[in-house]
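Order of the sequence lines sets the chain letters (A, B, ...), proteins ahead of strands, with each chain counted from 1.
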Number of protein chains: 2
Amino acid sequence: MKEPVITPALRQAMQAVMVQVEGRVDSSKCPIRDVMDHIGDKWSSLLMVALGTRPHRFGELKRAVPDISQRMLTQTLRDLQRDGLVSRHVFPTQPPSVEYRLTPLGESMMPPLMGLMKWAADHHAQIREARSDFAEAQAELA
Amino acid sequence: MKEPVITPALRQAMQAVMVQVEGRVDSSKCPIRDVMDHIGDKWSSLLMVALGTRPHRFGELKRAVPDISQRMLTQTLRDLQRDGLVSRHVFPTQPPSVEYRLTPLGESMMPPLMGLMKWAADHHAQIREARSDFAEAQAELA
DNA sequence: CAGCATCCAGTCCGATACTG
DNA sequence: CAGTATCGGACTGGATGCTG
């Protein structure tokens, strides 16, 4: 006996999302897309997780996410700050130091975000396998 | 009395993610980024939700997500199929009809994905407010 | 240390036209 | 109906050099 993965409540939630999507020609008017577009960019979610563990200074973040460029780090942090997910604190030391940390709003995002990341980690092997199967199937056609 | 949002277990999970990120100069070697990059693209998550409610045919999907172009619908579906999240079934009718549905792997992704979407819907107002506050603060500096 | 300004390559993605 | 093919613009994001 297996429980269905898609429960009635879950299906209802998905239908509610699709109602939001329909007719919102302007994507900025759709809450889902407005938020998901940001989560989707290359670095946001990674920086959120880094800051979720503890506050970081600019240089610490750069080391925590080794292959982010300075430009993208600056820009992504500004976007996160703009959306109220991250706060920026300047300490008047010499040389200056700046600390970034999650706001309460940002913290509230971590449980669902980590839920998705856990899924990613748990199913990564299956996805890789599916990809190689797919590549094989394609090769057979040739 | 408020429970902390970031529980010790959650913090530990985040630290585990960051360990995965560090040192993986090649992003395809990092499970988190490999999966998140796909979720992040403009249409994947939306199509997953649409298919989560029930199987859809190509044209139905196009109507369910009104402003996706045919090109992006085709391409995104192929990517989802490649990753084993969606399966494609051709019925030899005339004219041909093709049905897309979630695979079990795809279904397993829906609970965490919907968790994040629920967060987005619940906090969209707060984010919009943060943005207008930020814009005001910027305007004041000028 | 913590950024900003500039330049440039690659990619994303929409519009359009065409096919089995 | 369910795609494929091609073009071109917009945007993303990396590299580099400079500033307080």
Kindly give the atom pairs (protein nitrogen or oxygen, nucleotide nitrogen or oxygen) under 3.5 Å for nucleotides 1-3 of chain D.
from  : atom 1 : to       : atom 2 : distance (Å)
D:dC1 : O3'    : B:Arg57  : NH2    : 2.9
D:dA2 : OP1    : B:Arg57  : NE     : 2.8
D:dA2 : OP1    : B:Arg57  : NH2    : 3.0
D:dA2 : OP1    : B:Val98  : N      : 3.3
D:dA2 : OP2    : B:Gly59  : N      : 2.9
D:dG3 : OP1    : B:Arg88  : NE     : 3.4
D:dG3 : OP1    : B:Arg88  : NH2    : 2.5
D:dG3 : OP2    : B:Tyr100 : OH     : 2.6
D:dG3 : N7     : B:Gln70  : OE1    : 3.3
D:dG3 : N7     : B:Gln70  : NE2    : 3.0
D:dG3 : O6     : B:Gln70  : OE1    : 3.3

Find the distance A:Arg78:CZ to C:dA2:C1' and express it as a whole number of Å.
13 Å
Between D:dA5 atom P and B:Leu73 atom CG, what is the distance in whole Å?
16 Å
For the helix from C:dC1-D:dG20 to C:dG20-D:dC1, how many degrees between its two end axes (five pairs per end), to the nearest 10°?
50°
Sorted by chain and number, sequence neighbours left out, side-chain hydrogen bond (donor to acceptor under 3.5 Å, both in side chains) with B:Glu60 holds for none
Could I get the full list of side-chain hydrogen bond (donor to acceptor under 3.5 Å, both in side chains) partners for B:Trp119, not counting sequence neighbours?
A:Ser108, B:His123
Heavy-atom contacts under 4.0 Å between residues 45-54 of chain B and DNA chain C, which residues?
none
Quick one: side-chain hydrogen bond (donor to acceptor under 3.5 Å, both in side chains) partners of A:Asp41, sequence neighbours excluded?
A:Ser44
Can you list every pair that meets side chain to side chain donor-acceptor pair (under 3.5 Å) and has a residue in residues 88-98 of chain A, with sequence neighbours left out?
A:Ser87-A:His89, A:Arg88-A:Tyr100
Can you name the residues that form a salt bridge (Lys or Arg N to Asp or Glu O under 4.0 Å) with A:Lys62, not counting sequence neighbours?
none
Could you pull out all donor-acceptor pairs under 3.5 Å where a side-chain atom in residues 46-53 of chain A meets a protein atom, sequence neighbours excluded?
from    : atom 1 : to      : atom 2 : distance (Å)
A:Thr53 : OG1    : A:Ala50 : O      : 2.7

For A:His89 and C:dA2, give me the distance from atom NE2 to atom C1', rounded to whole Å.
16 Å
So ring-ring contact (aromatic ring centres under 6.0 Å, His included) across residues 33-55 of chain B, not counting sequence neighbours, yields none
Is any side-chain N of the basic residue among B:Asp37 and A:Lys42 closer than 4.0 Å to the acidic one's carboxylate O?
no
Carboxylate-amine/guanidinium contact B:Glu99 B:Arg101, below 4.0 Å
yes
So A:Leu113 and B:Met36, side-chain contact (heavy atoms from CB on, under 4.5 Å) or not? Walk me through it.
CA-CA 10 Å; A:Leu113 180 60; B:Met36 292 303 286; 4.1 Å; yes
Under a 4.0 Å heavy-atom criterion, the protein footprint on nucleotides 9-14 of chain D, written with B, S and -, is ----BB
Quick one: are A:Ile6 and A:Met14 in side-chain contact, heavy atoms under 4.5 Å?
yes
How would you list, by chain and number, every residue that makes a side-chain hydrogen bond (donor to acceptor under 3.5 Å, both in side chains) with B:Asp122, sequence neighbours excluded?
B:Lys118
Quick one, A:Asp133 with B:Arg82, criterion salt bridge (Lys or Arg N to Asp or Glu O under 4.0 Å). Give me CA distance, side-chain angles, the key distance, then yes/no.
CA-CA 8 Å; A:Asp133 288 355; B:Arg82 194 180 74 102; over 6 Å; no
